[in-house]
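Let me begin by presenting the structure, written as structure tokens, before commenting on it.
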Amino acid sequence: MKNLTITVDDSVLEWARVEAARRGTSVSRMVGDFMAEMMQREDAYERAYLAWRTDERGWQGPAAADAPEMQARSASLKRAGGPKRPKNGAAA
């Protein structure tokens, strides 16, 4: 285990001392636990992100089967000049 020196405002240190006492631990242990929890969350996020990036199904889910139909609709809208919108900018 290694030692770490940090710099915090006096009010932050006072809060940390009170909070650590309330939890029945030390400021050092509380900061160490906080950092370990952040590391675990970051690792879990990274694993979830990588799983999502390598998912063969993609992000579209079941609607992906309709992709050719959606592409055809998109192409026909582009040829027709896109969806019609009111000239005054009001929502349709």
Side-chain angles (χ1 to χ4, degrees):
M1 196 148 312
K2 299 282 186 177
N3 289 330
L4 172 68
T5 302
I6 62 172
T7 303
V8 296
D9 290 332
D10 291 341
S11 61
V12 173
L13 181 57
E14 183 60 31
W15 174 86
R17 286 181 174 149
V18 169
E19 187 63 22
R22 188 180 70 77
R23 295 178 184 204
T25 190
S26 67
V27 172
S28 179
R29 175 64 57 132
M30 196 169 70
V31 170
D33 289 348
F34 172 75
M35 292 172 68
E37 183 181 327
M38 296 230 4
M39 182 181 73
Q40 289 172 349
R41 285 184 184 183
E42 184 66 26
D43 288 348
Y45 175 84
E46 185 68 22
R47 284 191 307 273
Y49 175 74
L50 290 174
W52 173 78
R53 291 282 300 184
T54 58
D55 187 359
E56 294 290 327
R57 296 171 298 168
W59 60 271
Q60 295 173 344
D66 298 332
E69 181 183 330
M70 294 300 287
Q71 289 172 353
R73 277 192 220 152
S74 177
S76 67
L77 281 174
K78 287 179 185 173
R79 283 193 300 273
K84 301 297 182 197
R85 294 189 180 145
K87 291 183 181 179
N88 65 4

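This chain uses plain numbering: 1 for the first residue, then up along the sequence.
In the hydrophobic cluster analysis, where Ile, Leu, Val, Met, Phe, Trp and Tyr join through side-chain heavy atoms closer than 4.5 angstrom, L13 is grouped together with V31. V8 and W15 are not part of a single hydrophobic cluster, where members link through side-chain heavy atoms under 4.5 Å apart. A single hydrophobic cluster is not seen to contain both Y45 and M39; linkage of ILVMFWY side chains at heavy-atom distances under 4.5 Å, directly or through other members, places them apart.
Residues S26 and A20 share a closest heavy-atom pair of C-CB, 3.6 Å.
Atom CG of D10 sits in a sparse spot, with 12 or fewer heavy atoms from other residues, nucleotides or ligands closer than 6.0 Å.
Rounded to the nearest 0.5 angstrom, M30 CE and R17 CZ are separated by 11.0 Å. We find the CZ-CD distance between R47 and E42 to be 10.5 Å, quoted to the nearest 0.5 Å. Here the straight-line distance linking atom CG of L4 with atom OG of S28 works out to 8.5 Å at 0.5 Å rounding.
Below 30°, between 30° and 60°, or above 60°: for W52 and Y49 the angle between ring planes is between 30° and 60°, a tilted geometry.
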